[in-house]
Amino acid sequence: MYPFEAFEEEIKERLSLIVKNIKLELPPEEIADMAFPCFSLAREWKKSPEEIANEIAEKIERGEYIERIEAVKGYVNFFIDSKKLANETIKSILKMKDKFGSYESNGIKIIVEHTSANPNGPLHVGRARNPIIGDTIARILKFGGYDVTTQYYVDDMGKQVAALFWGTKNLSIESKATKPDHKYVVYYQEATKLMEKNEKVKEEIEEIIMECERGNKELLEEIKKVYQPVLEGILASLKRLNISIDEFVEESKFVIDGSVYEVIEKLASMPQAGREGKAIYLMLDEFGIHGRNKKFYLTRSNGTSLYAARDIAYHIWKGERADIMINVLGEDHKLEAKQVEIALKLLKKKVPEAIFYSFVSLPEGRMSTRRGRVVYLDDLIEEALERAMKEVEKRGMAGEKAARIANAVAMGAIRYNIIKVSPDKAIVFKWEDALNFEGESAPFIQYAHARCSSILKKAEFEEKSSYEFEHPSEIRLIKTLAKFPYFVKKSISSRNPSLIANYAFQLASHFNAFYRDCRVIGSDKQNDRLALVKATKQVIKNSLNLLGIEALEEM
RNA sequence: GGGCGCGUGGCCUAGCCAGGACAUGGCGGCAGCCUCCUAAGCUGCAAGUCGCGGGUUCGAAUCCCGCCGCGCCCGCCA
């Protein structure tokens, strides 16, 4: 157990003798280390929260970690023995290193599905939110002891890919692009355009879709040859952001193995099922879905399956391979996710959790690949690199080292700026916000890490059995270090990766205050402070790791 | 028209689920800090009807109702 958790446990243990239903709060740091609000007890005890707090504060004994207890305005405030906390925390970090903040394997298997973009062209910035959220949550869950696999659901039989396929077979378009997703997207764009005004093209593309739904393996193989390079282009972009995906599951799998039809058959026998010709649907009004969308169609009138039906089969398959399923989805999938969830419940199958994110739009409106109103992820990456390179050069660095630093800064800035805001907020993309290298940004945190490295390079640190600190900036920094495992846990239970982003910023910020106030090299407390710097460097690194951002030795 | 989400200083944002301690922090603005471990840093100042109106409560940014604005969805598309 981590030192800060031991403090929390001690409080809970002591409180449990007096009250049940203990809910502790983390108060603002300058007020206390942990607080127990007494407001909810007021009714039951028929006393004011102030009186209750006083009463509880008097009854509670100090302990190994609890140094002081105070009743203030209806709160019982607990103060930690900061000497003990400091010593235990520093030693724990130096011993556990990259593992500090992590938890032992709990054997729970989680599949995180993210990105799953149609392989018909390059990722744009709007979609980039998906892999970054997905990859970060996966990293945090792994660190928290879960057995995590990431999955990309490849839609290999939809309209998008069919249009791409038709385009490459019937058109010949020059393209200067070398990256395959950019090279082939023009075929998709042109095919979509033709489909809109030419009935024959539309029919041909629809025929491709129908053939896929009938499970035509040869055709599916041929289509794969076309979309695979595009998919690889997408994955290459993700790789630059330090994102890789463990497994790829093709949608057609569930048509070929027949599981979609088993699912449809079972659902068709439910009392909620209805038919219009050969089209099968579920009536969802009893589940609170009303209006035009209460009919949830599973098949077409020609008997072929619809996307949503295949999605149900996919989730059943996935549910057999995981204890928990987490899907990262755009907010446009909310209704469909709800429908799939209802169907899975009717079938008494495991239901996935979903993390929805709002769209990233441009100041001039929604992104649209078709209308060319779009910023591609690759463009953002290139621009970020250029700007980072300028900053690096300003600081007199050059060559391979400069390139490496610029790359880490650029990729970090992109990831951080997306992950730091709550997924349900819509983002209007602006270059100056997306590529900010100051303030609440990845480079700010990377810079603090580089400062730690720089100090550690200048002096020899000697490991001891105990360390002492007393400056307020030292204590504040140590308390922040001690709370890292707490935030890992909280981030997992709330499925909110931005908590780690915010934590890393706080930590870097508190380190900067320490750096300002406490001289390390040459001070008579040099060795203790070196231990603190070493521990800080480690925890910044661990939190950056969770965000998929590189910790830099110098910049 | 119906459903879901969002609305916090000029701009962005935390807090909202589990109502209470002076509403968090960043960007931008203004004024400062490099004879001292990297100034991608630090300090100070100005700037807020927590969308609007009701309600519940001793107490509401937080819960409830209504309204307004914005986003997304409402296809036998994916």
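Numbers restart at 1 for each chain; the letters A, B, ... are given by sequence-line order, proteins then strands. We use all heavy atoms of the structure for the numbers below, so side chains are in, but hydrogens, waters and symmetry mates are not.
- Shown here for A/I208 and A/L219, the closest heavy-atom pair between the two residues is O-CD2, 3.8 Å.
- Partner of A/F296 under the side-chain contact (heavy atoms from CB on, under 4.5 Å) criterion, chosen from A/L282, A/L267, A/I280: A/L282.
- Listed here is the closest heavy atom pair of A/V76 and A/I69: CG1-CG2, 3.6 Å.
- Between A/F39 and A/Y75, the gap from one ring centroid to the other is short of 6.0 Å.
- Within 6.0 Å of CD on A/E460 lie no more than 12 heavy atoms contributed by other residues, nucleotides or ligands.
- Glycosidic conformation, B/rC30: anti, with the torsion outside 90° of 0.
- By the criterion of a centre-to-centre distance under 5.5 Å and near-parallel planes under 30°, the ring of A/Y75 forms a stack with the base of B/rA21.
- For the atom pair A/S543 OG and A/I445 CD1, the distance stands at 7.0 Å (nearest 0.5 Å).
- Within a heavy-atom distance below 4.0 Å of RNA chain B, the residues of residues 509-522 of chain A found are A/N512, A/Y515, A/R516, A/C518, A/R519, A/V520, A/I521.
- Under the 6.0 Å cut-off for aromatic ring centres, A/F484 and A/Y503 qualify, their centroids lying closer than that.
- Per the geometry, CZ belonging to A/R300 stands 5 Å off P belonging to B/rC77, to the nearest Å.
- Closest-nucleotide positions on RNA chain B for A/E331 and A/K490 were compared, and the one nearer the 5' end corresponds to A/K490.
- Under a 3.5 Å cut-off, the side chain of A/D33 and the backbone N or O of A/I80 do form a donor-acceptor pair.
- Contact annotation for A/Y297: base contact, defined as any heavy-atom pair under 4.0 Å involving a base atom.
- The phosphate of B/rA14 has OP1 or OP2 within less than 4.0 Å of a side-chain N or O from A/K425.
- Atom C1' of B/rG53 sits at a distance of 32 Å from the matching atom of B/rA46, rounded to the whole Å.
- In this pair, A/F254 and A/Y153 present their aromatic rings tilted. The plane angle is within the 30 to 60° band.
- Helical stems of RNA chain B (runs of at least 3 Watson-Crick or G-U pairs, donor-acceptor distances under 3.5 Å) are listed by first residue: B:1-7 with B:68-74, B:10-12 with B:25-27, B:29-33 with B:41-45, B:51-55 with B:63-67.
- Less than 4.0 Å separates RNA chain B from no heavy atom of any residue of residues 412-419 of chain A.
- The side-chain hydrogen bond (donor to acceptor under 3.5 Å, both in side chains) pairs that include a residue from residues 517-526 of chain A are A/S473-A/D517, where partners are two or more places apart or lie in different chains.
- You'll find a donor-acceptor pair under 3.5 Å spanning the side chain of A/N77 and the base of B/rA21, going by distance alone.
- At the heavy-atom level, A/I31 lies under 4.0 Å from base atoms of the strands shown.
- Within residues 450-459 of chain A, the residues having any heavy atom under 4.0 Å from RNA chain B are, by residue number, A/A450, A/R451, A/S454, A/I455, A/K458.
- The cationic atom of A/K295 (NZ for Lys, CZ for Arg) lies less than 6.0 Å from the six-membered ring centre of A/Y281 and within 45° of the ring axis.
- Between the C1' atom of B/rG75 and the CG atom of A/L298 lies a distance of 14 Å, rounded to the nearest Å.
- Using a 4.0 Å cut-off between charged side-chain N and carboxylate O, A/E383 and A/R387 make a salt bridge.
- Taking only side-chain nitrogens and oxygens, A/R310 comes nearer than 4.0 Å to OP1 or OP2 of B/rA78.
- Remark on RNA chain B: of its neighbouring residues A/K23 and A/P443, the 5'-side contact belongs to A/K23, judged by nearest-heavy-atom nucleotide.
- Heavy atoms of A/F444 sit under 4.0 angstrom from primed sugar atoms or phosphate atoms, though from no base atom.
- A/E553 comes within contact range of at least one nucleobase, with a heavy-atom separation under 4.0 Å.
- Regarding A/H333, its NE2 atom lies at a distance of 17 Å from the C1' atom of B/rG71, rounded to whole Å.
- One cannot find a donor-acceptor pair under 3.5 Å joining the base of B/rC76 and the side-chain atoms of A/T299.
- Between the side chains of A/N436 and A/S441, no donor-acceptor pair is found at a separation under 3.5 Å.
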Taking N or O atoms only and anything under 3.5 Å, show me the protein contacts with nucleotides 24-29 of chain B, one pair per line.
from   : atom 1 : to     : atom 2 : distance (Å)
B/rG26 : O2'    : A/E440 : N      : 3.4

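- Interatomic distance, A/H124 NE2 to A/R373 CZ, rounded to the nearest 0.5 Å: 11.0 Å.
- Between A/K294 and B/rG2 there is no side-chain N or O to OP1 or OP2 distance below 4.0 Å.
- At a threshold of 4.0 Å, the pair A/E393-A/K390 does not count as salt-bridged, since none of the basic side-chain nitrogens sits closer than that to a carboxylate oxygen.
- Using a 4.0 Å heavy-atom distance criterion, A/K73 is classed as a sugar-phosphate-only contact.
- As judged by a 4.0 angstrom heavy-atom cut-off over every strand, A/E554 is placed among the base-contacting residues.
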